[in-house]
Amino acid sequence: MEKVKMTTPLVEMDGDEMTRILWKIIKEELIQPFVELKTEYYDLGLEYRNKTNDQVTIDAANATKKYKVAVKCATITPNAARMEEYHLKNMYKSPNGTIRSMLDGTVFRAPIVVKGIEPCVKNWKKPITLARHAYGDVYKNAEMIIPGPGKVELVYTAKDGTQTREPVHEFQGAGVVQGMHNLDASIESFARSCFSYALDTRQDLWFSTKDTISKKYDHTFKDIFQDIYEKEFQEAFEKAGITYFYTLIDDAVARVMKAEGGFIWACKNYDGDVMSDMVSSAFGSLAMMTSVLVSPHGYFEYEAAHGTVQRHYYKYLKGEETSTNSVATIFAWSGALRKRGELDENKALQEFADKLEKATVAVIEEGSMTKDLAMITMLENPKVLNSKEFILEIRKRLEA
């Protein structure tokens, strides 16, 4: 069989632990036999990030700017225990955070819906896509422990030295305080990414914050979204027959539970983090959730929405069998290959990506799956496969 040819490379970012093991098997069994794969490879595994003082993460993000499309394996964001385990020089920042900041992107996460894995919310018939702002707020906060009585203020010092002060709290005893920020330019990019993605996928767009309480911070998000919608996107939305609306996050949560799905829900950074976990869990599993970073500058980075599956990796190192779900990682590859095909007008590559996803879904719907799905499926007598067997079953289906 003649392999599908590629003209432009993908940026490939390798990762850590069990997902790194699956990454290699997916490439060897599901992609390289069918595609003349071209990638510019970056090792974002924690050992190499430590060796390069995390320069490799910056290099990978810059390569994504050059080639426009990247696919990323799950990576470790180290804590104190990881620093000791991996003998790290520094407690490096999240690679995802670094890449998102450099690409100025918005993360879109959507569940992979398969028959037999029914959502907990019974009226959810279509995927709900979470659009998460990927800059600022609590993720770039400044915190302080207040030891005792005293006054805390927000102070803005302008370039000319003039100051504006806003009282935070007059402490009568010990406590804590936190300062957060965001940027108009980043919020504008967030808004444009959401509106563009809604048009591309022909889905309604919801946006929610808590502007009734946060009358300046959250209200700024609301105002920027509305202004950009009216000036740049309203006519296109009306022509496409889709809608945009803003609502309080309390109302959005209530509406989501009663909706059937099939829309994009845009949230600020922390809200999107939490709500995407809720949606993925209700649809079945984080391992069944796609994730793509979309930048208004035309960059796309595809990844699985879950972590490195540390527990399974330790079992793997002991030689024990694992049954690790690789679906989201497979869909990261298919998403990146499809987008590469779209940008290069390579129809064969787009068709291969479609076939890879269909083969993956078909294997599950026919009753062969990893242990996590077998525990929640409505199908009778599912066949439980180990990590590699599941990927090999997809290869058989692909070849057929």
Side-chain angles (χ1 to χ4, degrees), residues 14-34 71 73-74 76 109-122 124-125 127 276-291 302-335 353-400:
D14 211 341
D16 288 298
E17 298 188 320
M18 198 64 210
T19 43
R20 187 183 182 95
I21 305 302
L22 296 175
W23 191 263
K24 185 172 184 287
I25 302 170
I26 290 165
K27 277 177 66 179
E28 290 175 350
E29 299 294 341
L30 300 183
I31 299 169
Q32 288 170 331
F34 308 97
V71 59
C73 184
I76 294 168
R109 290 182 170 173
I112 300 159
V113 178
V114 298
K115 290 172 190 164
I117 311 293
E118 304 300 329
C120 298
V121 182
K122 298 304 178 189
W124 286 1
K125 308 297 181 193
S276 65
D277 281 353
M278 179 197 73
V279 168
S280 66
S281 179
F283 267 101
S285 167
L286 254 181
M288 300 291 286
M289 195 87 167
T290 64
S291 182
Y302 294 80
E303 61 180 335
H306 57 74
T308 58
V309 203
Q310 180 184 12
R311 185 172 57 87
H312 284 204
Y313 181 60
Y314 292 158
K315 286 180 70 176
Y316 171 84
L317 290 179
K318 291 178 190 172
E320 297 175 18
E321 187 173 274
T322 65
S323 183
T324 315
N325 190 332
S326 53
V327 172
T329 306
I330 293 168
F331 271 63
W333 273 102
S334 62
D354 293 342
K355 286 175 185 173
L356 177 56
E357 291 181 1
K358 285 175 185 171
T360 304
V361 169
V363 166
I364 299 169
E365 292 183 344
E366 288 167 5
S368 297
M369 59 195 75
T370 47
K371 187 177 178 182
D372 61 316
L373 297 182
M375 292 170 69
I376 60 172
T377 185
M378 305 295 285
L379 300 175
E380 292 184 9
N381 304 314
K383 183 181 178 184
V384 180
L385 303 175
N386 67 31
S387 305
K388 187 165 185 179
E389 286 171 347
F390 178 67
I391 292 168
L392 291 175
E393 197 66 30
I394 296 167
R395 176 168 178 174
K396 273 196 269 183
R397 181 80 190 198
L398 251 183
E399 288 171 336

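Residues: numbered from 1 along the sequence shown.
Distance check: I330 CD1 to L30 CG gives 5.5 Å after rounding to the nearest 0.5 Å. A distance of 8.0 Å separates CG of D277 from CE of M289, quoted to the nearest 0.5 Å. Annotation: the span from E365 atom CD to T377 atom OG1 amounts to 9.5 Å, rounded to 0.5 Å. With rounding to the nearest 0.5 Å, the separation of OG in S326 from NE2 in H306 is 8.0 Å. How far OG1 of T329 is from CD1 of I25: 11.0 Å, rounded to the nearest 0.5 Å. Of the inter-residue distances, the one linking D16 atom CG with I21 atom CD1 reads 10.5 Å to the nearest 0.5 angstrom.
Considering all non-hydrogen atoms of both residues, T360 and V327 come closest at CG2-CG2, 4.0 Å. Among all heavy-atom pairs drawn from R20 and D14, the shortest one is CG-OD1, 3.5 Å. For the residue pair K27 and W333, the shortest heavy atom distance occurs at CG-CZ2, 3.6 Å. P111 and F283 get closest at one heavy-atom pair: CG-CD1, 3.4 Å. For the residue pair M18 and V309, the shortest heavy atom distance occurs at CB-O, 3.4 Å. The minimum heavy-atom distance between L373 and I117, with the atom names listed, is O-CD1, 3.9 Å.
S387 places a side-chain N or O within donor-acceptor distance of the main-chain N or O of T324, the cut-off being under 3.5 Å. No donor-acceptor distance shorter than 3.5 angstrom exists from the side chain of S291 to the backbone of R109, with no hydrogens or angles considered.
For F34, the CZ atom is densely surrounded, since the number of other residues' heavy atoms within 6.0 Å is greater than 12. Heavy-atom neighbours of M278 CE from other residues, nucleotides or ligands within 6.0 Å: above the threshold of 12. Crowding of E380 atom CD: a count of heavy atoms from other residues, nucleotides or ligands under 6.0 Å not exceeding 12.
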Do I364 and F390 pass the side-chain contact (heavy atoms from CB on, under 4.5 Å) test, and can you show the C-alpha distance, the side-chain angles, and the key distance before you say yes or no? CA-CA 9 Å; I364 299 169; F390 178 67; 3.9 Å; yes
side-chain contact (heavy atoms from CB on, under 4.5 Å) assessment of E29 paired with L392: CA-CA 7 Å; E29 299 294 341; L392 291 175; 3.5 Å; yes
Run the side-chain contact (heavy atoms from CB on, under 4.5 Å) test on E118 and W124 for me, step by step, so that the C-alpha distance in whole Å, both residues' side-chain angles and the decisive distance to 0.1 Å come before the verdict. CA-CA 9 Å; E118 304 300 329; W124 286 1; over 6 Å; no
So V361 and F331, side-chain contact (heavy atoms from CB on, under 4.5 Å) or not? Walk me through it. CA-CA 10 Å; V361 169; F331 271 63; 4.0 Å; yes
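Counting only heavy atoms from C-beta outward, the side chains of L379 and M369 approach each other to under 4.5 Å. Under the 4.5 Å side-chain criterion, counting only non-hydrogen atoms from C-beta, P33 is in contact with R395. Counting heavy atoms from C-beta outward, H312 and Y316 have side chains that stay 4.5 Å or more apart.
Legend: residues meeting salt bridge (charged side-chain N to carboxylate O under 4.0 Å, His left out) with K358, ordered by chain and number and at least two apart, are absent. For the salt bridge (charged side-chain N to carboxylate O under 4.0 Å, His left out) test, no residue two or more places apart in sequence or in another chain qualifies with K388.
For the residue pair S368/E393, the side-chain donor-acceptor check at 3.5 Å is not satisfied.
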